[in-house]
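In each ligand, atom 1 is the first atom listed, and ligand 1 is the first ligand listed. Just so it is clear, the structure is predicted and the values come from calculations on it, not from any experiment.
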Amino acid sequence: MTVPKARPESHKEKLHIHKAAEGVQLTVKGVVQGVGFRPFVYRLAKKYSFSGTVINCDEGVVIRLSPPLCRLANFLKELQDNAPPLATISSVSEQKIFDFFSDRFVILTSESSGTVSTIIPPDVACCADCLRELTDKQDRRYQYPFINCTNCGPRFSIVESIPYDRPATSMKVFPMCPDCQKEYNDPLDRRFHAQPNACWKCGPRLSWHDEKGREIQCQNPIAEAVGALKQGKIVAIRGLGGFHLAVDATNNEAVGKLRKRKLRQSKPLAVMVADIETASEFCVVLPEEAQLLSSRQRPIVLLAKKEQNDLSPHLAPGISHLGLILPYTPFHHLLFMEPQGPKALVMTSGNRSDEPICTSNAEALDKLTDLSDCFLLHNRDIVTRVDDSLVRFAQRKVRFMRRARGYVPEAVSLDCELPEVLACGAMQKNTFCFAKGNTAYLSQHIGDLNGVENFEFYEESIQHLKDVLEITPQVVSCDLHPDYLSTHYAEGLGLPLYRVQHHHAHAVAVMAEHGLHEETCAVILDGNGYGPDGTIWGGEILLAGLTSYKRLARLERLMQPGGDAAAKEPWRMALSVLLKAYGPSVLKKYGLAHSLTKIDAHKRATLIQMMEKNVNSPLTSSCGRLFDAVAALLDVCLVSDYEGQAAMELESLALGGVQGFSLENMVRAEHRLPVVFEHMQGEMVIRSVPLIRAIVDLLDQGCDRSSLSLAFHCWLISSIAAALRELGCRHNIKNVVLSGGCLQNVILLQGLTQKLEMEGFHVFSGEKVPVNDGGISLGQAVVAGMRELEKQSLAD
Ligand code: ZN
Ligand code: ZN
Ligand code: FE
């Protein structure tokens, strides 16, 4: 930087110099680091012949421009309009600066200090430019399994600290070769400051290992892996955010072997296919779904299965949908490009059941040797474990079931200003959430907190995200449930603690996402949540505000014999509803449901006795348990192998019976089962006893199960809509939020949305965060933050 030569002094000139001496400093905040923002600014400055500097700082990207600055407004417009694909600008602030001169434009190295308001970008699927080079024989990165550039590659999964620069990532152990360094230093190159930049000469490598983990020297580990997969072997593949276990998805025996070894009888397995064309062979792929499949986030997308295909029938037994995913790392692409390569690969998470996915080679060799026949490893460390995301497209929107790779740690912007909060989340499908100001950062899917390793993953992830976001929570938030491990964790932090009822959190998560501040009717259809009255909740309509709520309606309470055991064994709930509907003598005499004869008579008798004596049979108004009861009565699922199985199979049965689900067939089905209300202690109660009696009668008459399943879904939709008609009127409310795990069910989501919209309600559900327990932490954060603000304003 140089100071321009002194100019001749005249009155006029002086004025001119004074004006020209005003430079400008622009501070750009948002996702602006590690996304090619500085080279973009460099090119833009060149275009406008501006001189000055650009630098990554803790607060974002700072641009200093020295005078003269003609057409600055145009520059600013282009800065925002043409930003690189991965950048998200949240704000640009402008400040005059004096005594700043530069004779050219330069990119300065990063500064780090103080507070952070920049965000690490999520991991990004291999881009089209890189893919072209990957297949170009002339390119120096031809078939290089770790090819990446500023627009793609690993990010969140390799970052150790901020600011996001190579020495702060797991790429620090790979010094760049002169060619890579040249690209890295060249502001006009696509790889300028691409932190994971690498090539055959200097970057990470794949290696091939036998069942004991011994390395086998070979020319091409990918060809070896493809060979093994073709022979029906299970290959443990180290990926981007963790390990996968892969088998040929067209090989029945191999899929069976994987299920047996993983002790997973029927949990749906995700399948990777080369492209949309192959995906369309196996499933119905709508244009929006194709877009999702090939998006840079590359989630697993749940798609409707086609009847005839070459895939093993054991991939998602009893379910009308299949989770498909396209390749997202360069080596996934290479697997499918191999001659004789697989058509479809099961890619299930590489873990032992109920443990987090393995990330390090040592961990995998320790834990996955019983599960896999060989290993495809690499030597780039995974700093942060992050699973594949799982979404489905429903009611014209993306719906998250698992929000992780590709999306985390993208911020969710809020319509309110919060103090710094840590929300610890629920017990299952756990995520936690940091909030600060008008942004919330939801963690990746952590999963079930039970088990030492899962809990360690939880604690480590909280610490890591806290460090990279540099948030120091002033308050914490947790579930009302006293025994959740997340509650214990929150209690141990020694900070002001706000306990949030599970379903209030479900409601506020959706309200926060859509910027709803006013009191709203919240339809919560869920598995279970701790109720303040000592019963288990999970089927309610709440009058929900951001800091408080009141229950207006609920499903009729049923006994949940055996407590948590009932959630795993739906036949228990069937017995419970029958007992309630008919009483013990009738039940014992007639049995009443054919499906239950498959359960040992002694077991049944014991359970009836248990309920009669009211032993270990808590009361529940859970919608999930009602689904369990109906699924067992219809002989869909008596004992479940994974969480939510009964409800998913019941949904599939209903979808399979008609050509998809439509409003017309809903109207036809809804009158088959009686909707009955009762008013108790100021609450509306949706009675399930008349429903159960009607189902038993229809089963007796030989009614087919799929139309009964659809009728049940429609009964629930009608009941909720009827209740809301009355409640909406009484409380003069037009906004309705739909939340809770059962609303992952497309029939319920679609049916409720359409029916309620027809009646003039504005309906909102989760689009950026899951409606299952993965969204709980966002709701907790907002409730706690708002209550803290309320408290502070009362104290003032
Ligand atoms: Zn790229
Ligand atoms: Zn290199
Ligand atoms: Fe829940």
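- For the pair SG of C202 and SG of C180, the angle whose vertex sits at the Zn ion (ligand 2) is 110° to 10 degrees.
- Remark: E410 does not engage R155 in a salt bridge, criterion side-chain N to carboxylate O under 4.0 Å.
- Protein N/O/S atoms found under 2.8 Å from the Zn ion (ligand 1): C127 SG, C130 SG, C149 SG, C152 SG.
- Classification of the Y458-F455 ring pair by plane angle, with boundaries at 30° and 60°, yields tilted.
- Angle SG(C177) to the Zn ion (ligand 2) to SG(C199): 100° [nearest 10 degrees].
- Coordination check, H502 versus the Fe ion (ligand 3): passed, since an N/O/S atom of the residue sits under 2.8 Å.
- Below 30°, between 30° and 60°, or above 60°: for H502 and Y484 the angle between ring planes is above 60°, a perpendicular geometry.
- Rounding to 10 degrees gives 90° for the angle at the Fe ion (ligand 3) between NE2 of H506 and OD1 of D773.
- Using a 4.0 Å cut-off between charged nitrogen and carboxylate oxygen, E540 and R551 count as a salt-bridge pair.
- Ring geometry for H332 versus Y328: interplanar angle over 60°, hence perpendicular rather than tilted (30 to 60°).
- Residue D526 approaches the Fe ion (ligand 3) most closely through its N/O/S atom OD2.
- Below 30°, between 30° and 60°, or above 60°: for Y407 and F400 the angle between ring planes is above 60°, a perpendicular geometry.
- Partner L546 forms a side-chain contact (heavy atoms from CB on, under 4.5 Å) with one of V783, L516, V782 and no other, that one being V782.
- E643 and K568 are not joined by a salt bridge, as no carboxylate oxygen comes within less than 4.0 angstrom of a charged side-chain nitrogen.
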